[in-house]
Protein chains: 2
Amino acid sequence: MAAKVTLKDIAREVGLSPTAVSLVLNDRPCKISEESRRRIKEVARRKRYVPNQIARSLVTQRSQTIGLVVPNIESRFFSSLARRLELGCRERGCALLITNSDDAPGNDAELVRLLTARGADGLFVVASDEASPADHGLAATLSQIPVPYVMVDRVVAGLPCDKVSFNNEQGGYLACRHLLEAGHRRVACIVNIVSQTGRERLSGYLRALREFGVEPDPDLVLTSAYYIEDAYEASKALFSTDATAVFASSDNIALGLLKRLYARGLRVPRDVSVVSYDNSAADVLFEPTLTSIEQNVSELADAALDLLFRRLDEESAGELGAPEERVLEPRLVAGESVRQLSA
Amino acid sequence: MAAKVTLKDIAREVGLSPTAVSLVLNDRPCKISEESRRRIKEVARRKRYVPNQIARSLVTQRSQTIGLVVPNIESRFFSSLARRLELGCRERGCALLITNSDDAPGNDAELVRLLTARGADGLFVVASDEASPADHGLAATLSQIPVPYVMVDRVVAGLPCDKVSFNNEQGGYLACRHLLEAGHRRVACIVNIVSQTGRERLSGYLRALREFGVEPDPDLVLTSAYYIEDAYEASKALFSTDATAVFASSDNIALGLLKRLYARGLRVPRDVSVVSYDNSAADVLFEPTLTSIEQNVSELADAALDLLFRRLDEESAGELGAPEERVLEPRLVAGESVRQLSA
DNA sequence: TTGAAAGCGCTAACAT
DNA sequence: ATGTTAGCGCTTTCAA
């Protein structure tokens with residue numbers, strides 16, 4: 001454990017002022033003689049000077065740090081998102097402070113405060129899914145923080161701020177339409193009804209049914225909680241229906257469903273057709289490959305980065321524009337898990 | 001975006017000094033009248049005062065922030081680790097700054113510097129696996145930073161510092177011994193030879209063979225790179241051997257292997273027995289369940305937290321002790337993927 | 001019971 | 001071409 005080296009140490013050793021050292025080390029346009037520059041850099045390197053960001057932040061009012069709140073870093077979707085955001089921030093000279101809310105709405109607001117207290121210049125916030133559409137704790141906290149932020153993926157309605165998310169309703173619609181177009185009429189849907197995201201996907205599913213003139217059957221809408229095991233349990237109820245196809249509205253749900261189907265000796269798509277959502281790497285295993293609704297994480301991250309850093313630019317430039325909301329479209333990627341029913 | 005409120009603002013409003021406000025808001029033992037206390041707290045709450053951690057850090061020389069360098073946050077193992085470390089840090093009043101090295105040894109050292117420059121009080125470092133056993137870039141950087149750190153999971157030999165890791169050699173040994181005990185004699189091993197971890201597991205495999213008097217057969221040692229697809233490719237070579245069992249020395253390798261076996265129409269354990277390593281959630285899907293070598297992430301995180309925070313205590317107390325290295329033992333968890341051969 | 005003053009390490013005006 | 005001064009927001013002696 002080496003000792004800390006400060007600007008002043010270097011200044012003393014070189015026999016110049018701290019200012020001169022600061023100027024040179026930051027490559028600022030100034031008139032310091034080549035000779036002095038050389039010596040300053042020499043000494044800095046030899047003493048392994050590392051500038052103290054904390055001190056710099058205090059005076060510049062910029063920490064070069066961005067905060068991120070995610071519900072669950074263990075989920076593949078969020079860890080990918082975190083990774084891309086971190087890359088993007090680093091490219092722009094910032095570090096990313098990642099925090100985990102464990103999907104507990106109470107934590108969201110606390111983490112937002114913690115992050116701003118630590119001087120984050122801006123925030124990416126993925127709200128807890130269980131947050132009510134107008135979560136007041138979070139909304140109130142966000143409206144009071146002194147830095148720009150972007151709500152990502154899960155969006156609290158009625159909060160006028162920058163937002164990026166996927167169109168979940170459309171995702172559900174695409175999934176169900178695909179099954180209907182393949183000739184299925186008894187299409188089940190397994191959904192986490194507690195989740196805002198899940199409800200949106202469900203309403204897309206219903207829209208597709210309506211569009212095809214198919215009467216929605218409550219018995220075909222199965223509810224499952226978040227985990228694979230929950231979906232495994234929920235899927236049992238399928239066997240007492242005449243469904244020929246299932247829309248599994250999340251990756252975990254798809255995994256639980258498939259496990260259940262296999263355990264029962266059923267084959268996909270021979271016996272049941274399946275459309276999944278947001279295929280995780282795990283699905284690479286499946287023969288046949290799964291047809292699924294894909295959300296492009298990079299696109300999400302890029303949009304969020306773009307929005308936040310634009311805001312930061314605007315902020316330092318003076319005036320900032322109106323909040324912007326971007327909705328990204330999911331895509332259906334055809335695999336081999338849907339059987340074409342002959343008419 | 002609200003404005004920033006400082007100690008001074010409150011002091012002015014209450015008509016007391018910043019000192020008084022600081023004392024009260026930090027609950028320091030001091031003699032400020034109950035009446036003043038009340039008013040200070042009142043105003044602080046009303047104005048939604050949030051203390052500026054940056055300023056505080058500058059004077060206390062403590063940022064209440066810990067840094068983490070992981071090779072790949074998208075990997076389940078590391079994201080779980082990150083989550084547990086973050087929880088542990090938060091319990092202890094610290095935030096965790098998570099950074100991703102993309103398994104590039106060059107990034108390790110840079111991130112370590114970045115984190116310390118940002119005033120991290122301590123560091124958890126998971127080295128890039130491809131870092132040579134005595135990676136000098138990283139080792140040199142680490143030996144010069146002014147804060148304590150713990151090397152986690154992947155350990156650079158010859159660096160005298162706190163370390164926590166799993167015994168990979170023992171893991172390989174347990175896996176292979178289990179197969180040998182089940183009567184298998186033609187036991188293949190698929191391993192990422194580029195990785196330090198992989199090589200250790202391989203040598204455990206070889207030790208088990210020696211112990212059972214089985215001559216190692218080079219044809220049964222297959223090399224694969226990191227990803228599932230690599231393992232899928234590598235596994236093809238199995239079919240030209242007479243192996244009855246396979247030790248898949250990582251989770252990705254197990255997935256690629258299984259995909260290959262299934263594609264070929266082979267069944268586990270009927271046709272081939274398999275022992276996996278570090279089962280990820282994905283494996284929950286398999287029927288039969290996989291026998292595998294398990295590493296307890298919580299244990300790893302707890303040990304790392306314990307070590308680092310003890311160091312931090314020692315540091316502020318005065319003298320600090322000698323580096324400590326903890327090696328955790330993996331466990332074999334029996335599933336149904338190993339067939340007992342009758343003698 | 002309270003406040004003034006100094007200073008953490010750095011940057012940014014403003015001298016010289 | 002280089003230095004001085006002031007101050008970011010906070011904590012911490014030390015003095016009143």
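Just so it is clear, the structure is predicted and the values come from calculations on it, not from any experiment. Sequence lines set the chain letters: A, B, ... in the order given, protein chains first and strands last, and positions in each chain run from 1. Below, each value reflects all heavy atoms present in this structure, side chains not excepted, and no hydrogens, waters or symmetry copies.
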Rounded to whole Å, NZ of B:Lys4 lies from P of D:dC8 at a distance of 13 Å
| query | Has the side chain of A:Thr60 got a donor or acceptor atom sitting under 3.5 Å from an opposite partner on the base of C:dA12? | reply | no
Check your understanding: Does a sphere of radius 6.0 Å around CZ in A:Arg48 hold more than 12 heavy atoms from other residues, nucleotides or ligands, not counting ones at 6.0 Å or beyond?
Key -> no
To the nearest angstrom, the CG-P distance between B:Asn26 and D:dT12 comes to 8 Å
Of B:Ile32 and B:Gln61, the one whose closest nucleotide on DNA chain C sits nearer the 5' end is B:Ile32
Between CG of B:Leu23 and P of D:dA15 the distance, given in whole Å, is 17 Å
Note: for B:Val59 and B:Glu34 on DNA chain C, the residue whose nearest nucleotide lies more 5' is B:Glu34
Per atom distances to the A:Ser17 side chain, the nearest of C:dT11, D:dT4, D:dC10 is D:dT4
B:Asn52 atom CG is separated from D:dC10 atom P, nearest whole Å, by 5 Å
- Would you check if there is a donor-acceptor pair between the side chains of B:Asp153 and B:Ser165 at a distance under 3.5 Å? no
In whole angstroms, the gap separating P of C:dA4 from CG of B:Leu16 amounts to 11 Å
Atom CG of B:Asp27 and atom P of D:dT12 are separated, to the nearest Å, by 14 Å
(message) Any base atoms under 4.0 Å from B:Gly119, or only sugar-phosphate, or nothing? Heavy atoms, all strands.
(response) nothing
- [ ] For B:Ser36, answer base if it contacts any base atom (sugar-phosphate contacts may also be present), sugar-phosphate if it contacts only those atoms, and nothing otherwise; contact means non-hydrogen atoms under 4.0 Å.
- [x] sugar-phosphate
The nucleotide from D:dT2, D:dC10, C:dT2 with an atom nearest the side chain of B:Leu7 is D:dC10
Checklist entry - Which is true for A:Arg28 with a 4.0 Å heavy-atom rule: it touches a base, it touches only sugar-phosphate, or it touches nothing? => result sugar-phosphate
Just by distance, with hydrogens left out, do B:Ser80 and A:Glu74 show a side-chain donor and acceptor under 3.5 Å apart? yes
Winner on side-chain proximity to B:Ala55, out of D:dT11, D:dG7, D:dG9, is D:dG9
Can you find a donor-acceptor N/O pair under 3.5 angstrom joining the side chain of A:Thr19 to the base of C:dA12?
yes
Rounded to the nearest 0.5 Å, the OG1 atom of A:Thr6 sits from the CZ atom of A:Arg12 at a distance of 7.0 Å
Should the heavy atoms of other residues, nucleotides or ligands under 6.0 Å from CZ of A:Arg84 be counted, would the total exceed 12?
no
Atom CG of A:Leu58 and atom C1' of C:dC10 are separated, to the nearest Å, by 8 Å
To the nearest angstrom, the CG-C1' distance between B:Leu25 and D:dT11 comes to 13 Å
